[in-house]
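All residue numbers in this chain count up from 1 along the given sequence. Note that this is a predicted model, so its numbers are computed, not measured. Atoms considered below: every heavy atom in the structure, side chains included; atoms not considered: hydrogens, waters and symmetry mates.
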Amino acid sequence: MAALQLPHVLRQRACGSIQHLAERNARCPVLLVHGYAASESVWTPLRRALAAADFGHIVSLTYNSFGTDPETVSAELTHQALLALAATGAPRVHLVGHSLGGLIIHCALAGSAALSSQAASVVTIASPHGGAYLARTAPGRCARIMRRGCSSYLSEVDMPRPVRWLAYYSDGDLFVPPASARLNDQRYGAANLLIPDCGHLTICRDERLIRSLVPELVRAETFADPTAPADAGREPMAA
């Protein structure tokens, strides 16, 4: 699947977005950010599940991870998120990123007080918070923030509460190991959620992840303090 997507990924030069709008929208907008050498098509099953749960304003960011830099992508993410908030009149926005996409979200939050103050939840899926070994030889400027020792951007995020941080990971991921994909920095109070036996790309389409993620976004909008999960202090497994 990744090989089939590469020609389209390489042809794209600028950042952009694809909007998925429904007549009924009962919830906050959702921004989806794909990962390195991928495309927005990785989100198709999740988008369908979100739409079925009355998330009627979904924006998928598109970008060429080989030909652009993380600053440009994070600026476009911020721009699209603020546009979605203005278009819907919603008070907050959900941010979901796979792999590199999760790190791009971190960069965007660090660079925009307007965005960080309106984030309802931040979800990373197989994102190399602690770096990825293979990224040291990966081409493109975006690859540099995936390298070990290049995660200083984390200390720059001043995230107001309440916001729900979720970090999904898998013990079957050969590219981003669990130790890197978990977000253990206590400042975020993140819930680290295991999806067993998934590959780095297949985790995005896994039914167990989707069954877990969609209710978590609803929860972030429903509860007064979504940062205090009942299972805090242990590593839960997504059912």
Side-chain angles (χ1 to χ4, degrees), residues 9 15-18 20 28-47 50 55 58-65 68-81 84 92-112 115-116 118-132 135 142-146 150-151 153-154 156-157 159 163-170 173 175-176 180-183 185 188 190-193 195 198 200-206 209-210 212-214 216-217 220:
V9 171
C15 297
S17 65
I18 299 175
H20 305 271
C28 295
V30 181
L31 255 77
L32 306 173
V33 189
H34 67 73
Y36 184 80
S39 77
E40 65 88 27
S41 65
V42 73
W43 299 119
T44 300
L46 177 60
R47 280 201 314 269
L50 288 168
F55 287 91
I58 304 170
V59 180
S60 297
L61 206 68
T62 63
Y63 64 97
N64 181 341
S65 57
T68 189
D69 56 75
E71 293 80 13
T72 299
V73 183
S74 63
E76 181 65 17
L77 186 160
T78 300
H79 175 65
Q80 293 297 332
R92 311 191 89 180
V93 62
H94 301 287
L95 306 172
V96 182
H98 171 243
S99 192
L100 170 64
L103 307 189
I104 295 294
I105 290 173
H106 273 287
C107 292
L109 293 170
S112 173
L115 177 60
S116 63
Q118 297 181 86
S121 62
V122 180
V123 181
T124 66
I125 303 169
S127 292
H129 301 292
C142 280
R144 70 174 184 262
I145 67 171
M146 297 191 296
C150 294
S151 58
Y153 65 90
L154 288 175
E156 301 172 4
V157 181
M159 178 60 67
V163 64
R164 183 76 165 122
W165 284 83
L166 300 167
Y168 287 94
Y169 69 98
S170 180
D173 191 330
F175 296 97
V176 179
S180 180
R182 290 193 297 265
L183 186 54
D185 191 318
Y188 301 99
N192 293 304
L193 296 165
I195 308 293
C198 279
H200 186 65
L201 290 175
T202 57
I203 188 172
C204 288
R205 296 173 173 268
D206 193 280
L209 178 135
I210 294 170
S212 171
L213 195 160
V214 175
E216 288 288 357
L217 299 192

Assess whether side chain to side chain contact (heavy atoms under 4.5 Å, CB included) is satisfied between Val163 and Tyr188, documenting all intermediate values.
CA-CA 9 Å; Val163 64; Tyr188 301 99; over 6 Å; no
Step by step, would you call Val33 with Leu95 a side chain to side chain contact (heavy atoms under 4.5 Å, CB included)?
CA-CA 8 Å; Val33 189; Leu95 306 172; over 6 Å; no
What do the steps show when you test Glu216 against Val123 for side chain to side chain contact (heavy atoms under 4.5 Å, CB included), and what is the final call?
CA-CA 10 Å; Glu216 288 288 357; Val123 181; over 6 Å; no
Evaluate side chain to side chain contact (heavy atoms under 4.5 Å, CB included) for Leu201 paired with His98, printing each intermediate quantity in order.
CA-CA 9 Å; Leu201 290 175; His98 171 243; 3.9 Å; yes
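For Ser74, the side chain to side chain contact (heavy atoms under 4.5 Å, CB included) partners are Ile104, Cys107, Ala108, not counting sequence neighbours. Ser112 is linked by a side chain to side chain contact (heavy atoms under 4.5 Å, CB included) to Thr78, Ala114, Leu115, counting only residues two or more places apart in sequence or in another chain. Listed by chain and residue number, Ser99, Asp173 satisfy the side chain to side chain donor-acceptor pair (under 3.5 Å) test with His200 (two or more places apart in sequence, or in another chain). Residues satisfying the side chain to side chain donor-acceptor pair (under 3.5 Å) criterion with Ser121, sequence neighbours excluded, are His94. Residues passing the salt bridge (charged side-chain N to carboxylate O under 4.0 Å, His left out) test with Glu76: none are found, sequence neighbours excluded.
At least one side-chain heavy atom of Pro128 sits less than 4.5 Å from a side-chain heavy atom of Leu103.
Listed here is the closest heavy atom pair of Cys15 and Thr68: SG-OG1, 4.4 Å. Among all heavy-atom pairs drawn from Ala126 and Ile203, the shortest one is CB-CG2, 4.3 Å. Of all heavy-atom pairs spanning Ser170 and Cys198, the tightest one is OG-N, 2.8 Å. Residue Trp43 comes nearest to Cys204 through the heavy atom pair CZ3-SG, 4.3 Å, listed as atom of the first residue, atom of the second, then distance. Leu31 and Ala84 make their closest contact through CD1-CB, 4.3 Å (heavy atoms, listed as atom of the first residue, atom of the second, distance).
Separating the CD atom in Glu40 from the OG1 atom in Thr62 is a distance of 7.5 Å, to the nearest 0.5 Å. Taking CG of Leu50 as the reference point, atom CD1 of Ile58 lies at 4.5 Å (rounded to 0.5 Å). Taken to the nearest 0.5 Å, the CG atom of Leu100 stands 12.0 Å off from the OG1 atom of Thr124. To the nearest 0.5 Å, the span separating CG on Leu217 from CG on Leu46 amounts to 8.0 Å. Annotation: the span from Arg47 atom CZ to Thr44 atom OG1 amounts to 4.0 Å, rounded to 0.5 Å. Note that CG of Leu166 is 10.0 Å distant from CG of Leu183, once rounded to the nearest 0.5 Å.
Annotation: salt bridge (charged side-chain N to carboxylate O under 4.0 Å, His left out) contacts involving residues 93-111, sequence neighbours excluded, are absent.
Of the possible donor and acceptor atoms, one in the side chain of Tyr63 sits under 3.5 Å from a partner among the backbone N and O of His34.
Checking Asn192, Ile195, Asp206 one by one against Tyr168, the side-chain contact (heavy atoms from CB on, under 4.5 Å) holds for a single residue, Ile195.
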